[in-house]
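Single-structure report; data block below.
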Amino acid sequence: MTLEYLLRETPGLIEVLGPTDREVSAVQSDSRRVRPGDCFVAVRGISTDGHRFVQQALQAGAGAVVIERDPAVAIPPSVAVVRVRDSAEALGYLASAFFGHPSRRIRVVGITGTNGKTTTTTLLYQLFTALGRSTGLIGTVEHRIASNHMPSALTTPDCVSLHTLLHQMAEAGCTEVFMEASSHAIHQRRIAGIHFSGAVFTNLTHDHLDYHSTFAAYRDAKKRLFDDLPPSAFALTNVDDRNGLFMLQNTQAKRYTYGLKTPADFKAKVIDDSLSGLQMELDGTTIHARLIGAFNAYNLTVAYAVGRLLGIDKESALVALSNVPGAEGRFEVVRDAHNPPRIGIIDYAHTPDALENVLQTIARLRHRPSRILTVVGCGGDRDKTKRPLMAQIAARLSDQVVLTSDNPRSEEPIAILKDMEAGLSAADLLKTLIIENREQAIKTACQLAAAGDIVLVAGKGHEKYQEIKGVKHPFDDKAVLCRYLFEERKIVEGLFL
């Protein structure tokens, strides 16, 4: 494939110098991966600038370089030089062209929002797979190409990896792909070059202000997904969220709404909510689903709406959704052999709003005098302003709180815990324990739990590691919780929400 072909739809071209009829072996943004004949794209990142590595790319044999500004090295005349306004944007279009524009061969739907992305994409994957469709999934927990599963490192992969995945999915015969679109990925243009058939907004709450600085910047990053949609796509938004209609203001796509509280194109209503599942009215029909909580009623409504917008008939969509298990580590319920049982819940809740939603759901569903014991921490190198809020919510909605380490990353766990503790009143502190070691914290909560009590372990959900000082140590919240909750080491029931 020639450089000239790759440049045909690349936006923001300023100048092209040198031979463009040469074959390009691969498109790379990491100079360490460059091989002879590759096109190296110098992207200005958050912590480093790709222009610093043009020399390494040239030494590795790059046949073309894409830049925003002149690098501090001389480029031989035999190497093509492409100057663009935004190299991150250009990278996406170049990668898309290199792989034959895979997103034009598959219907790609992007899901964005603070909470619900993983559950929603998982529900959509499960829905379409249950109906016999070959489906792709790109998300926080894993990537799936039909029945093949691959672990995921980021909510949204880097740009080249993303187009590589889409190409693999197209080649495997996938007809739809459902992907999480994080605010970081949208802002960094990691999704550039993707032809979206649709986009969904779930909700917007306090998160990632360490990166975006202001809530408005965080909101606007999400909105760009909708601003860039083509007229042929659909834009589906949560009309119950105060930012829902804002997402649609500038989109050229066909606009649709969903909600539980407000009139919408796709309307749902919770009839009954218990630890055995949801009974809800969806598009005028009553169904029983295995998922728990009003937040999952929203997720089910999104899955139904997207299914309908992509041509699935009403009855097939409702029957399939009544049986889907949901995502690992999202309100995942286990219980021991006692009567009444001690109940354990594992949830990924790592934002104030998500934690509050989970705890409010537990409080509504528990049978008094059962108590709620919450084990929770906050991640290091992330938004510090939410730490005291997380502790406050846990204390307000729990009978016993154990503050502990999450993924401290490069920070000292005790410093993170002090930030959380600062949000607690004297009364809150009387029912709060601070145990830095996460396994010991979970063990202590289980030891304190009596028959009928509920132990919530929040923050890490599906993750199978704990990141400390740059090292990912094996750690599984569910496995640890089960080890100490079940005296007979026997899971009586497991619901995956």
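Numbering starts at 1 and runs along the sequence shown.
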So how far is it from [X] [atom1] to [Y] [atom2], rounded to the nearest 0.5 Å?
| X | Y | atom1 | atom2 | answer |
| --- | --- | --- | --- | --- |
| Ile194 | Asp228 | CD1 | CG | 11.5 Å |
| Arg144 | Thr129 | CZ | OG1 | 7.5 Å |
| His350 | Glu463 | NE2 | CD | 8.5 Å |
| Ser182 | Ile111 | OG | CD1 | 13.0 Å |
| Tyr93 | His101 | OH | NE2 | 10.0 Å |
| Thr164 | Phe99 | OG1 | CZ | 3.5 Å |

**OP:** Evaluate whether atom CZ of Arg44 has more than 12 neighbouring non-hydrogen atoms of other residues, nucleotides or ligands under 6.0 angstrom away.
**Re:**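 Result for CZ/Arg44: open.
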Original post:
NZ of Lys314: more than 12 outside heavy atoms within 6.0 angstrom?
Top reply: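 Yes - once you tally the heavy atoms of other residues, nucleotides and ligands closer than 6.0 Å, there are more than 12.
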Subject >> Counterpart residues, ring-ring contact (aromatic ring centres under 6.0 Å, His included), relative to Tyr258 (two or more places apart) >> reply: none
**OP:** Please say whether the positively charged group of Arg308, taken as NZ for Lys or CZ for Arg, lies over the ring of Phe266, i.e. under 6.0 angstrom from the six-membered ring centre and within 45 degrees of the axis.
**Re:**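 Negative - Arg308 is either too far from the ring of Phe266 or too far off its axis.
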Subject >> Aromatic Tyr465 / basic Lys472 pairing, under 6.0 angstrom, 45° off normal >> reply: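 Relative to the ring axis of Tyr465, which defines the angle, Lys472 lies inside both limits.
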For residues [X] and [Y], determine if any side-chain heavy atom of one lies less than 4.5 Å from a side-chain heavy atom of the other.
| X | Y | value |
| --- | --- | --- |
| Phe98 | His163 | no |
| Ser232 | His195 | yes |
| Val177 | Leu137 | no |
| Val16 | Val81 | no |
| Thr205 | Pro352 | no |
| Lys464 | Phe475 | no |
| Leu278 | Asn296 | yes |
| Lys478 | Glu328 | no |

Original post:
Counting N and O atoms only, with roles assigned by atom type, does the side chain of Asp86 sit under 3.5 Å from a partner on the main chain of Glu89, one being a donor and the other an acceptor?
Top reply: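 At least one qualifying donor-acceptor pair exists.
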**OP:** With sequence neighbours excluded, give me every side-chain hydrogen bond (donor to acceptor under 3.5 Å, both in side chains) pair touching residues 165-178.
**Re:** Arg105-Glu171, Arg107-Glu176, Arg133-Glu176
Any salt bridge between [X] and [Y], counting N to O under 4.0 Å?
| X | Y | result |
| --- | --- | --- |
| Asp70 | Arg83 | yes |
| Lys222 | Asp227 | no |
| Arg409 | Asp381 | no |
| Arg69 | Glu15 | no |

**OP:** Just do the side chain to side chain contact (heavy atoms under 4.5 Å, CB included) check on Cys378 and Asp406 with the steps written out, would you?
**Re:** CA-CA 5 Å; Cys378 288; Asp406 189 285; 5.5 Å; no
Subject >> Test side chain to side chain contact (heavy atoms under 4.5 Å, CB included) applied to Val376 and Thr404, step by step >> reply: CA-CA 6 Å; Val376 66; Thr404 190; over 6 Å; no
Subject >> Tyr348 and Phe331 aromatic centres sub-6.0 Å >> reply: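 No, too far apart.
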**OP:** Run through Asp476, Asn407, Asp347 and flag the one making a side-chain hydrogen bond (donor to acceptor under 3.5 Å, both in side chains) with Lys460.
**Re:**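 Output: one option passes, namely Asn407.
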Subject >> Candidates Val41, Leu91, Leu94, Asp38 - the one meeting side-chain contact (heavy atoms from CB on, under 4.5 Å) with Gln28 >> reply: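 It is Asp38, the one option of Val41, Leu91, Leu94, Asp38 that forms the side-chain contact (heavy atoms from CB on, under 4.5 Å) with Gln28.
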Subject >> Option from Met390, Lys386, Gln360 for which side-chain contact (heavy atoms from CB on, under 4.5 Å) with Leu355 holds >> reply: Met390
Subject >> Derivation and outcome, salt bridge (Lys or Arg N to Asp or Glu O under 4.0 Å), residues Lys469 and Glu412 >> reply: CA-CA 9 Å; Lys469 300 297 182 183; Glu412 291 298 329; 2.9 Å; yes
Subject >> Intermediate values then yes/no, side chain to side chain contact (heavy atoms under 4.5 Å, CB included), Glu4 and Arg22 >> reply: CA-CA 8 Å; Glu4 181 181 13; Arg22 69 189 316 142; over 6 Å; no
Can you find a side-chain donor-acceptor pair between [X] and [Y] that sits under 3.5 Å?
| X | Y | value |
| --- | --- | --- |
| Asp240 | Thr262 | yes |
| Asn299 | Thr120 | yes |
| Asn115 | Asp353 | yes |

Original post:
How are the rings of Phe178 and Phe128 set to each other: parallel, tilted or perpendicular (split at 30° and 60°)?
Top reply: tilted
Original post:
Where do Arg290 and Glu332 land on the salt bridge (Lys or Arg N to Asp or Glu O under 4.0 Å) test, with the steps shown first?
Top reply: CA-CA 11 Å; Arg290 295 169 62 181; Glu332 189 171 353; over 6 Å; no
Original post:
Going through the checks in order, is the side chain to side chain contact (heavy atoms under 4.5 Å, CB included) test met by Ser405 and Gln466?
Top reply: CA-CA 9 Å; Ser405 177; Gln466 188 175 25; 3.2 Å; yes
Minimum heavy-atom distance [X]-[Y], with the two atoms named:
| X | Y | answer |
| --- | --- | --- |
| Leu321 | Ala303 | CD2-CB, 3.8 Å |
| Ser31 | Phe53 | OG-CB, 3.5 Å |
| Ile468 | Pro408 | CG1-CG, 3.8 Å |

**OP:** Please lay out, stage by stage, how Tyr298 and Asn238 fare under the test side chain to side chain donor-acceptor pair (under 3.5 Å).
**Re:** CA-CA 8 Å; Tyr298 280 101; Asn238 180 359; 4.9 Å; no
Original post:
Is there a salt bridge (Lys or Arg N to Asp or Glu O under 4.0 Å) between Glu411 and Arg387 once you walk through the steps?
Top reply: CA-CA 14 Å; Glu411 288 193 65; Arg387 293 174 183 174; 2.7 Å; yes
